[in-house]
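Only a predicted model underlies this, so the values are computations on that prediction, with no experimental measurement involved. Values below: all heavy atoms of this structure, side chains included; hydrogens, waters and symmetry mates excluded.
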Amino acid sequence: MSIKLMFLFVTGVVLIPNILSSNITNINTYIEKKDYSNTIRLTLQDIVALAVKKDENFQIAKFKERNSQETTKKLMDKFDLIVGADGKYSKDRSYSQKSNELNIYATKKLNLGTDVEVTNSYTTTDYTNSSQDISDSEVSLKVTQPILKDFGVSNQLVSVNKSKLDEMNAKEFISSEQVRIVYDFVVLYWDSVKEKKKYDVANKSLKLSQDLLNKKLEETTLGAFPKSYIYEIESDLIQKKIDFLNAKKLKKLSMINLLEKLHLKYDDNVKYDLQYRFHNDKSIDISKLEEIALNNRYDYIKLVNELQKSKLELKYRKNQLLPKLSLYSEVTKKTHDNVTKNYLDRGFKKDGYEVGMNFSLPISNDKAVADHNIAKLDIYSKQLELRQKKREIIKEIHIILEEVSFQKELLDAYKLLFDKQKKTLDVEQMKLDNGLSTIRDFIAAQDQYINSELQYMISQIEYEKITAKIYFTTGMVLQELD
């Protein structure tokens, strides 16, 4: 598509900088202080900021992010330093023997898979029928290191790294919820503006019809206008009143719907003043929209992270195919003492060390092979899903660009029609004043003018909505608001 679309989202830099931290002045006063003044000013900034604040799904998304953070912390517990102690007192009546045992230990797993254990054991034995006590103590340090299976940081941290990707998804989901809320309420707001414009136009049409009737009644009284034409004007006025009442009802229902979405109650004693302006002189280069969408869309980013999780899983499952081989070494220091009432007999001291290995290999290894194959298939599936989602997003962008282009052309056409109908009405007024046209022709020209004005305003609103949709489609709304 060799065009450069003209748009800048209405809640973008021009209209709503820093929307999420904006000060909700009038609507806050209405909510918190119950200030039922005659008029409440409702800007798009206020509506969107209040929507983000009150949306329950957004709050749930933040809780899910916190939950994912806590899950990551929980998975790190395997690397915690564990310190413990246990003791025992025992007495053997037959041998008149009492003993005390105390064990203190500390264990720690390192991110290479290394297990470190330090223990300190102390035992005393007291013989009631003897003046001699026995005291034993032992201090040991044992280190065990896997060499093949379960070796390495990536294998030890696979669950943690996958959980961190879940954290990223949760964070992106919060952003996507903000994008959704902004877009939904922008559409709701402009729908309310549309019903307000319909009401304004219906009111204007009613007033014009009433003014025409009053004018022609005066002319009829003076004999300058046929009385038979008055019936046509009165019929038209009745129809205009019906149109006005319908527009009034729809305007109220639209406002009720908007306020209910904000968890607010509509009040008949309050006038809700919608503050808005159109931004039709908009420009942005669309050449990088596909790239922007792929960098911002939550549904795409989530699949990218899921693919990364599958790759981590495959690497881990490949490692689990290896046999289990671990090396260990242990250094000990033992002391044995004989204690009497008068002296301490150092029995002996013994320092030593031990090294060894453990090796095991399942004969069939069916489970590990199956888990590895499942991980490979999962990657293929995720890659296909990612390519499919990319095509869907690109297709969505192309469609929305076509819609924006069409709506812009339609907007320009309605503007031209509105200008022409205004001139046509002026001409028809001159012809009627000079007796060259009928009242029926003038009413028809007036209706066409009012209808063209309404269509032009509606096309402006639809253009604002469709340009907002392209930001939603690319996930850019919040970036524009920051």
Side-chain angles (χ1 to χ4, degrees), residues 11 16-24 27-28 31-32 45-83 108-111 153-186 188 260-264 292-313 315-316 375 378 382 385-386 389 393 471-482:
T11 59
I16 312 180
N18 302 316
I19 184 69
L20 298 182
S21 60
S22 64
N23 183 18
I24 313 174
I27 193 68
N28 248 0
I31 296 171
E32 303 296 339
Q45 298 99 312
D46 296 342
I47 293 296
V48 172
L50 188 59
V52 172
K53 180 180 178 182
K54 285 181 167 289
D55 190 87
E56 294 175 346
N57 289 328
F58 178 66
Q59 302 302 322
I60 292 173
K62 291 200 292 186
F63 290 142
K64 287 183 177 179
E65 181 192 26
R66 180 65 183 276
N67 183 277
S68 65
Q69 293 171 348
E70 296 301 322
T71 299
T72 302
K73 292 179 182 178
K74 181 178 71 173
L75 292 172
M76 288 294 293
D77 71 338
K78 64 187 290 187
F79 301 104
D80 288 346
L81 174 64
I82 300 175
V83 178
K108 171 73 175 176
K109 180 182 281 292
L110 306 180
N111 55 16
V153 176
S154 61
N155 292 312
Q156 293 298 321
L157 294 178
V158 59
S159 297
V160 175
N161 291 333
K162 288 165 66 175
S163 182
K164 287 181 178 179
L165 289 169
D166 288 334
E167 278 188 53
M168 294 174 59
N169 283 340
K171 185 176 181 180
E172 290 295 332
F173 182 66
I174 290 177
S175 297
S176 73
E177 282 296 286
Q178 290 176 325
V179 170
R180 175 193 61 80
I181 294 167
V182 171
Y183 174 69
D184 287 348
F185 276 88
V186 165
L188 278 173
E260 283 183 347
K261 297 290 185 180
L262 295 170
H263 307 287
L264 299 176
I292 293 172
L294 296 178
N295 289 332
N296 287 278
R297 283 277 294 262
Y298 165 72
D299 49 355
Y300 185 79
I301 293 174
K302 181 182 179 181
L303 286 176
V304 171
N305 289 335
E306 291 296 326
L307 177 59
Q308 186 61 31
K309 286 172 60 178
S310 296
K311 290 180 178 179
L312 293 174
E313 181 70 13
K315 186 176 180 180
Y316 173 72
D378 189 55
K382 292 294 192 305
E385 289 180 33
L386 195 61
K389 177 57 67 175
I393 291 175
Y471 276 81
F472 172 72
T473 303
T474 55
M476 289 198 305
V477 171
L478 283 180
Q479 282 77 0
E480 289 298 317
L481 295 177
D482 288 341

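When all heavy atoms of F472 and R180 are compared, the pair lying nearest together is CE1-CA, 3.9 Å. Scanning all heavy atoms of the two residues, the minimum distance from K54 to L262 falls at CD-O, 3.0 Å. Contact between F58 and I181 at its shortest, heavy atoms only, is CB-CD1, 3.7 Å. F79 and K109 make their closest contact through CD2-O, 3.3 Å (heavy atoms, listed as atom of the first residue, atom of the second, distance).
No more than 12 heavy atoms of other residues, nucleotides or ligands lie within 6.0 Å of NZ in K64, so this atom counts as exposed by the packing criterion. Residue K302 places its NZ atom among 12 or fewer non-hydrogen atoms of other residues, nucleotides or ligands, all under 6.0 Å distant. By the 6.0 Å contact criterion, NZ on K108 is enclosed, its count of non-hydrogen atoms from other residues, nucleotides or ligands being greater than 12.
Atom NZ of residue K171 and atom CD1 of residue I301 lie 11.0 Å apart, to the nearest 0.5 angstrom. Taken to the nearest 0.5 Å, the CZ atom of F185 stands 7.5 Å off from the NZ atom of K261.
A salt bridge is absent between E65 and K62: the closest approach of a Lys/Arg side-chain nitrogen to an acidic carboxylate oxygen does not fall below 4.0 angstrom.
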Would you list the atom pairs, donor with acceptor, under 3.5 Å between side chains in residues 153-165 and any protein atom, with sequence neighbours excluded?
unit_1, atom_1, unit_2, atom_2, d
N155, ND2, F151, O, 2.6
Q156, OE1, K78, NZ, 3.4
Q156, NE2, D150, O, 2.7
N161, ND2, L157, O, 3.3
K162, NZ, E313, OE1, 2.8
S163, OG, T72, N, 3.4
S163, OG, T72, OG1, 2.6

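S68 and D166 share no side-chain donor-acceptor pair at under 3.5 Å.
Taking the side chain as every heavy atom from C-beta outward, V304 and L386 approach each other to under 4.5 Å. By the 4.5 Å heavy-atom criterion applied to side chains, I47 and L188 are not counted as neighbours.
Judged as a salt bridge (charged side-chain N to carboxylate O under 4.0 Å, His left out), and not counting sequence neighbours, E385 has no contacts.
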Would you sort out whether N296 and T474 count as a side chain to side chain contact (heavy atoms under 4.5 Å, CB included), showing the intermediate values?
-> CA-CA 7 Å; N296 287 278; T474 55; over 6 Å; no
